[in-house]
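Right, one structure below, let's go through it.
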Amino acid sequence: MAAPASPLSHDAIIQDSWSRCRAFGLSHQSTPAFDQLPAAGIAQLLESQHSLVQTTHQEVLPYYENILSNSNCLIMLADHQGQVLTSWGTQRFIDPKLARGFSAGASWMERCSGTNAIGTALACEQAVHIEHDEHFLKANRFMTGSAAPIFDAERKVIAVLDVSSDSYLPPSHTLGMVKMMSQTVENRLILNLFHGQHFQLTFNTGLNNLDSQWAGLLIFDETGQVLSANRRADNLLGISLSRVSVESLFKVSLLELLNQPEGLPFALQTSGRNRFQCLLKRPKQVAVKARLFSENKSAENRSAEPAVIAMPAISLNTLHFGDSRVEKAVRQAERLLEKDIPLLIHGETGVGKEVFVKALHQASSRSKQPLIAVNCAAIPAELVESELFGYEKGAFTGANQKGSIGLIRKADKGTLFLDEIGDMPLPTQARLLRVLQERCVQPVGSSELFPVDLRIISATNRSLREQVQLGRFREDLYYRIGGLTLELPPLRERNDKEALFKRLWEQHREPAQWAGLSQEVLALFCRHPWPGNLRQVSSVIQVALAMAEEQPIRPEHLPDDFFVDLEMEPVETPEPLAVDLNDVEDLNRQLQAVGGNISYLARRLGVSRNTLYKRLRQAE
């Protein structure tokens with residue numbers, strides 16, 4: 001595993017790329033060549049990258065659907081040679097003359113397509129954001145794009161993920177999102193390669209981000225030798241993890257580590273001063289032969305069934321920091337922990353309903369049994385019954401030949417969490433009511449009944465009482481699931497916001513990031529309406545931490561769309577500069593004075609970054 005190189009600044013990336021383009025013999029007027037593969041070459045390319053494409057499509061993109069649904073953009077996956085493998089989203093913004101560049105087999109390497117997100121990310125091996133006028137070829141300046149390389153276990157670039165659009169994409173937010181997407185792909189590829197064969201150690205800075213894609217991931221064998229690790233593990237531990245022993249990384253013996261209980265978090269300290277929260281997962285089966293990093297496990301037979309939620313310990317008392325409404329909900333829920341009374345949790349999207357349910361499950365006597373979460377809005381209506389209740393083999397076209405026990409039976413002896421239950425189709429509501437009344441499940445296509453013992457907790461962001469009046473939700477089911485309704489307030493109404501912000505910063509920061517949130521940012525956070533609630537706060541803080549590195553988080557580190565909700569400009573400039581924008585020499589002097597920070601200088605001049613780039617390039 002090669003050690004990562006120091007990242008280049010954005011301006012250096014663009015300048016180096018333009019220099020390479022000139023060396024390739026390109027001019028601004030050149031037409032993108034795309035070097036399209038023939039049909040036979042495309043078929044061979046897609047066959048060789050089948051596992052990567054399937055992994056990205058089935059296991060990563062569903063978590064980032066909001067990118068496609070909320071903006072006019074296209075996500076592309078390309079291989080290590082910049083050749084497009086597949087894409088998701090809209091292509092309506094693409095010039096018909098360039099449409100072939102967005103189909104499988106087209107190359108976006110700089111030598112044929114100039115500066116662009118895919119080609120430039122591959123050239124510098126780091127995530128990049130390319131604005132309209134930063135493309136070397138004028139033909140490509142109709143779009144903006146962010147791209148991040150995907151590395152294998154040996155830290156070699158194997159692919160790149162790209163998000164492109166013809167409209168404005170907030171650089172920091174989009175870049176942060178594409179970084180998270182590429183990290184998720186890398187994690188999944190590692191797990192697919194070693195799944196079930198070796199020990200898996202997940203670790204991070206806090207309990208509540210152990211199931212994050214930004215958690216460190218180590219795969220090691222029974223002798224303690226590290227077989228593979230993700231890049232996040234390298235960053236957290238500060239070293240390259242090639243051929244090292246897990247005992248050399250933490251102050252723990254191998255025997256002591258292997259004796260840790262599976263599924264329960266524990267703390268480990270590194271040879272330095274850093275302390276991490278960890279989860280250990282044991283092999284599902286004994287390895288019968290050595291595996292090579294280059295081996296690819298087929299994705300064709302992997303199950304797409306939802307997994308049991310990972311269970312980092314979450315205390316009910318850590319859900320609030322003094323807010324009376326949340327404290328009331330916690331106290332009420334505690335009294336019903338061991339009662340056979342169903343709970344209905346109501347609150348806006350992102351207020352923390354699932355975290356609340358995890359905490360309830362952890363505090364109950366069912367904590368060692370599964371917690372199965374079902375998003376009723378995410379399962380297609382035609383599949384929801386088979387997913388919930390299971391089905392007999394051959395029950396319908398496309399059914400698994402072995403059948404499926406269903407998610408309700410998977411939750412037997414544990415807790416079933418029905419999120420967004422207001423979106424459940426009416427026919428499914430009738431079957432669920434029968435399960436709750438009889439405590440038995442009848443799979444689709446079967447006449448047999450299977451008893452279940454489970455705790456039901458439901459959640460919704462709608463008023464189910466109104467849905468009942470509109471005939472969209474069964475009244476009898478409403479009273480069955482709503483033994484006690486708990487209301488979680490939106491973040492904007494909570495009076496413990498500042499403590500929450502600091503707690504979320506603590507959860508997401510890296511060990512070297514001690515500077516915290518500046519007072520200016522805390523003030524902005526307290527003023528913000530947070531329509532996305534805690535989920536939005538987590539996203540903003542993660543992006544800001546990535547931008548700030550080891551500095552205090554200041555307004556310029558926040559994503560641009562954060563300021564849209566505040567109805568204010570991204571950063572108010574206290575000391576504007578009075579410079580003639582036509583004086584290129586003076587502009588270059590000012591740029592040197594601020595250390596080459598184009599964004600900062602543009603803000604002080606009161607112009608966009610693109611405008612400043614245009615002025616500086618007048619001298620070319």
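This structure is a prediction, so every number in the text was calculated from the model and none was measured. Side chains included, hydrogens not; waters and symmetry mates left out as well; all remaining heavy atoms used. Numbering starts at 1 and runs along the sequence shown.
No donor-acceptor distance shorter than 3.5 angstrom exists from the side chain of E420 to the backbone of N375, with no hydrogens or angles considered. Remark: the backbone N or O of Q442 is paired with a side-chain donor or acceptor of R431 at under 3.5 angstrom. In this structure, H361 contributes its side chain and I372 its backbone to no donor-acceptor pair below 3.5 Å. Side-chain N or O atoms of E186 include none that pairs as donor or acceptor with a backbone N or O of R231 at under 3.5 Å. Q467 places no side-chain N or O within donor-acceptor distance of the main-chain N or O of F473, the cut-off being under 3.5 Å. Side chain of E385 to backbone of V444: no donor-acceptor contact under 3.5 angstrom is found. The main-chain N or O of R535 is never found under 3.5 Å from a side-chain atom of N533 such that the two would form a donor-acceptor pair. In terms of modelled atom types and a separation under 3.5 Å, the side chain of E387 and the main chain of L407 share no donor-acceptor contact.
Taking 4.0 Å as the cut-off between side-chain N and carboxylate O, E506 and K502 do not count as a salt-bridged pair. Using a 4.0 Å cut-off between a side-chain N of Lys or Arg and a carboxylate O of Asp or Glu, E510 and R232 qualify as a salt bridge.
Across all non-hydrogen atoms, the minimal contact from A363 to L337 is O-CD1, 3.7 Å. Between I421 and S458, the shortest heavy-atom distance links the atoms CD1-OG, 3.6 Å. The minimum heavy-atom distance linking P342 with R480 is given by the pair CG-O, 2.9 Å. The heavy-atom pair separating A229 from I190 by the smallest distance is O-CD1, 3.7 Å. Between S182 and I150, the shortest heavy-atom contact is CB-CG1, 3.9 Å. Listed here is the closest heavy atom pair of P265 and L210: CB-CD1, 4.1 Å.
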Residues L218, F199; criterion side-chain contact (heavy atoms from CB on, under 4.5 Å); working and verdict
CA-CA 8 Å; L218 291 178; F199 291 92; over 6 Å; no
Show your reasoning for whether side-chain contact (heavy atoms from CB on, under 4.5 Å) applies to L236 and T205.
CA-CA 9 Å; L236 286 173; T205 54; 4.2 Å; yes
Step by step, would you call F276 with L237 a side-chain contact (heavy atoms from CB on, under 4.5 Å)?
CA-CA 10 Å; F276 295 106; L237 297 173; 4.0 Å; yes
Using the side-chain contact (heavy atoms from CB on, under 4.5 Å) rule, take W530 and F562 through it: C-alpha gap first, then chi angles, then the decisive distance, then the call.
CA-CA 9 Å; W530 297 113; F562 168 87; 3.4 Å; yes
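F321 does not carry R503 over the face of its six-membered ring by the limits of under 6.0 Å from the centre and within 45° of the normal.
The OG atom of S404 sits 6.0 Å away from the NZ atom of K410 when rounded to the nearest 0.5 Å. From L491, atom CG reaches atom CG of D496 across 8.5 Å, with rounding to the nearest 0.5 Å. Of the inter-residue distances, the one linking R509 atom CZ with L517 atom CG reads 11.5 Å to the nearest 0.5 angstrom. Once rounded to the nearest 0.5 Å, the distance linking CD of Q225 with OG of S248 reads 10.5 Å. Here F450 contributes atom CZ and D412 contributes atom CG; the two are 11.5 Å apart, rounded to the nearest 0.5 Å. How far CG of D323 is from NZ of K497: 9.0 Å, rounded to the nearest 0.5 Å.
Partner of V540 under the side-chain contact (heavy atoms from CB on, under 4.5 Å) criterion, chosen from V521, I553, L558: L558. Of the candidates T415, L371, L360, R455 forms a side-chain contact (heavy atoms from CB on, under 4.5 Å) with just one, namely T415. A side-chain hydrogen bond (donor to acceptor under 3.5 Å, both in side chains) with N187 is found for one member of N192, N230, T202 and no other, namely N230.
Side-chain contact check for L432 versus L388: every heavy-atom pair is 4.5 Å or farther apart. Counting only heavy atoms from C-beta outward, the side chains of L249 and L241 approach each other to under 4.5 Å. Annotation: side chain of R492 is in contact with side chain of E348 (closest heavy-atom distance under 4.5 Å). Residues L257 and F220 are in side-chain contact: their nearest non-hydrogen atoms beyond the backbone lie under 4.5 Å apart. Inter-residue side-chain proximity for L464 and I481 is flagged as met; some heavy-atom pair is nearer than 4.5 Å. A 4.5 Å side-chain heavy-atom check between L191 and L217 finds at least one atom pair inside the cut-off. Contact of the R465 side chain with the Y478 side chain is registered, since non-hydrogen atoms from C-beta on lie closer than 4.5 Å. Using a 4.5 Å heavy-atom threshold, the side chains of E256 and L268 count as separate.
Note: F525 and F501 have perpendicular aromatic rings, judged against thresholds of 30 and 60 degrees for the angle between ring planes.
Around atom CD of E334, more than 12 heavy atoms belonging to other residues, nucleotides or ligands sit under 6.0 Å away. Environment of CZ in R331: crowded, with over 12 heavy atoms of neighbouring residues, nucleotides or ligands closer than 6.0 Å.
Residues in residues 360-377 take part in these salt bridge (charged side-chain N to carboxylate O under 4.0 Å, His left out) pairs, two or more places apart or across chains: R366-D453. Counting only residues at least two apart or in different chains, ring-ring contact (aromatic ring centres under 6.0 Å, His included) contacts with residues 323-351 are absent. Within the structure, salt bridge (charged side-chain N to carboxylate O under 4.0 Å, His left out) pairs that include any residue of residues 436-450 comprise D340-R439, R434-E438 (at least two apart or interchain).
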